Asker: 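Right, I'll just put the structure down here and ask away after.
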Amino acid sequence: MNIKFKILWYEDEPDWLAGVREDVENILKKHSLLPDLDIRDGQAFDRTAVIGNDYDLILMDYRLEDGVTGDEIISVIRENSNLTDILFYSSDLDGMYNSLKNGIPLLDGIYLAKRKNELFAEKVEQLISKIIKRSEDIVNLRGFVLDNTSDFETRVEKILEMAMMKIDEAKREELQERIKRRLEHDVNDI
């Protein structure tokens with residue numbers, strides 16, 4: 001997991017989205033994460049867009065534009081071995097449940113919610129908390145720290161290289177010789 005929390009969100013009703021989007025962003029900010037929302041409406045659904053495990057969470061409306069349904073997209077996601085948790089939601093509960101009966105492959109990691117703002121936000125918060133808890137393992141935290149500090153090491157190296165180039169040739173050779181002796185000494189100690 002990264003400091004950015006990436007969500008792929010299929011939703012085609014801009015008015016409803018505007019209301020709950022802020023709730024989702026606030027949930028993430030409460031956990032000190034930066035929201036990175038990739039919102040799509042289902043038009044001209046691109047199968048390649050859901051290949052890979054690039055997202056931390058997927059939010060999927062049942063009925064989308066152009067007659068596309070969320071269960072069709074979920075099928076493509078699961079067929080491509082993407083096991084990212086999915087919150088499948090709808091105001092058409094019967095339609096959503098029937099689509100499940102008709103067989104979405106690999107139901108693992110698919111959670112259901114009613115399309116009511118407070119219920120939806122509560123379910124999103126539960127899923128985000130679950131995902132974060134999984135990531136709080138010490139091994140994952142170590143990776144998180146390294147991921148967010150590795151850029152610093154690269155910048156320090158570049159600064160040191162620039163500083164070395166500003167030193168005259170004789171001083172640079174003397175400094176390089178001292179560094180070499182120090183490294184050899186450290187190696188001998190080890």
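Heavy-atom basis, side chains included; hydrogens, waters and symmetry copies ignored. Worth saying up front: this structure is predicted, and the values here are computed from it rather than measured.
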Asker: What's the shortest heavy-atom distance between Asp61 and Ser90, and which atoms?
Answerer: OD1-CA, 4.1 Å
Asker: Taking C-beta and beyond as the side chain, do Met96 and Thr69 meet within less than 4.5 Å on heavy atoms?
Answerer: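 With C-beta onward as the side chain, the pair stays apart.
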Asker: When you group the ILVMFWY residues by side-chain heavy-atom contacts below 4.5 Å and let the links chain together, are Phe88 and Tyr97 in the same group?
Answerer: yes
Asker: Flag the pair Tyr62 / Leu93 as yes when at least one side-chain heavy-atom distance between them is below 4.5 Å, and no otherwise.
Answerer: no
Asker: Would a 4.5 Å heavy-atom cut-off, applied to side chains only, mark Ile58 and Leu87 as touching?
Answerer: no
Asker: Determine whether Glu13 and Arg115 satisfy the following criterion, side chain to side chain contact (heavy atoms under 4.5 Å, CB included), listing intermediate values before the conclusion.
Answerer: CA-CA 12 Å; Glu13 290 187 32; Arg115 188 193 185 105; 3.5 Å; yes
Asker: Determine yes or no for a side-chain-to-main-chain donor-acceptor pair under 3.5 angstrom, with Arg78 supplying the side chain and Asn82 the backbone.
Answerer: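 Side chain of Arg78 to backbone of Asn82: a pair is present.
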Asker: Roughly how far, to the nearest 0.5 Å, is the CD1 atom of Ile132 from the CG atom of Leu127?
Answerer: 11.0 Å
Asker: Do Ile73 and Leu64 touch side chain to side chain, with heavy atoms closer than 4.5 Å?
Answerer: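 They are in side-chain contact.
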Asker: Is the closest side-chain heavy-atom distance between Lys123 and Glu118 below 4.5 Å?
Answerer: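 They are not in side-chain contact.
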Asker: Quick one: side chains of residues 163-177, donor-acceptor pairs under 3.5 Å with protein atoms, not counting sequence neighbours, listed by atom name and distance.
Answerer:
| residue | atom | partner | partner atom | Å |
| --- | --- | --- | --- | --- |
| Asp168 | OD1 | Ala170 | N | 3.2 |
| Asp168 | OD1 | Lys171 | N | 3.0 |
| Arg172 | NE | Met164 | O | 3.3 |
| Arg172 | NH2 | Ile167 | O | 3.3 |

Asker: With a 4.5 Å limit on heavy-atom distance, are the side chains of Asp85 and Tyr111 in contact?
Answerer: yes
Asker: Does the plane of the ring in Phe120 sit parallel, tilted or perpendicular to the ring in Trp9? Use 30° and 60° as the thresholds.
Answerer: parallel
Asker: Does the side chain of Leu57 come within less than 4.5 Å of Leu59's, by heavy atoms?
Answerer: yes
Asker: Is there a side chain to side chain contact (heavy atoms under 4.5 Å, CB included) between Met60 and Leu8? Walk through the geometry before answering.
Answerer: CA-CA 8 Å; Met60 183 69 62; Leu8 175 60; 5.9 Å; no
Asker: Between Glu72 and Ser75, is any side-chain donor less than 3.5 angstrom from a side-chain acceptor?
Answerer: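 There is no such pair (donor and acceptor under 3.5 Å, judged by atom type) between the side chains of Glu72 and Ser75.
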Asker: Between NE2 of His185 and CG of Asn188, what distance do you get to the nearest 0.5 Å?
Answerer: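 Reported to 0.5 Å precision, the distance equals 7.5 Å.
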Asker: What's the separation between atom NZ in Lys4 and atom NZ in Lys6, rounded to the nearest 0.5 Å?
Answerer: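 Between atom NZ of Lys4 and atom NZ of Lys6 there are 8.0 Å.
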Asker: Check for a donor-acceptor pair, side chain of Asp92 on one end and backbone N or O of Gly95 on the other, with a separation under 3.5 Å.
Answerer: yes
Asker: Is there a donor-acceptor pair under 3.5 Å between the side chain of Ser129 and the backbone N or O of Gln126?
Answerer: no
Asker: Cluster partners of Val187, using ILVMFWY side-chain heavy atoms under 4.5 angstrom, listed by chain and number?
Answerer: none
Asker: List the atom pairs, donor and acceptor, that lie under 3.5 Å between side-chain atoms in residues 25-39 and the rest of the protein, sequence neighbours left out.
Answerer:
| residue | atom | partner | partner atom | Å |
| --- | --- | --- | --- | --- |
| Glu25 | OE2 | Arg21 | NE | 3.2 |
| Asn26 | ND2 | Glu22 | O | 3.2 |
| Lys30 | NZ | Glu125 | OE2 | 2.2 |
| Asp38 | OD1 | Arg40 | NE | 3.1 |
| Asp38 | OD2 | Arg40 | NE | 3.3 |
| Asp38 | OD2 | Arg40 | NH2 | 2.7 |
| Asp38 | OD2 | Tyr55 | OH | 2.6 |

Asker: For a side-chain hydrogen bond (donor to acceptor under 3.5 Å, both in side chains) check, start with the C-alpha distance between Glu11 and Tyr89, then their side-chain angles and the critical distance, and finish with the verdict.
Answerer: CA-CA 10 Å; Glu11 175 57 56; Tyr89 63 93; 2.5 Å; yes
Asker: Does Asp12 reach the main-chain N or O of Glu65 with its side chain, forming a donor-acceptor pair under 3.5 Å?
Answerer: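 Answer holds: yes.
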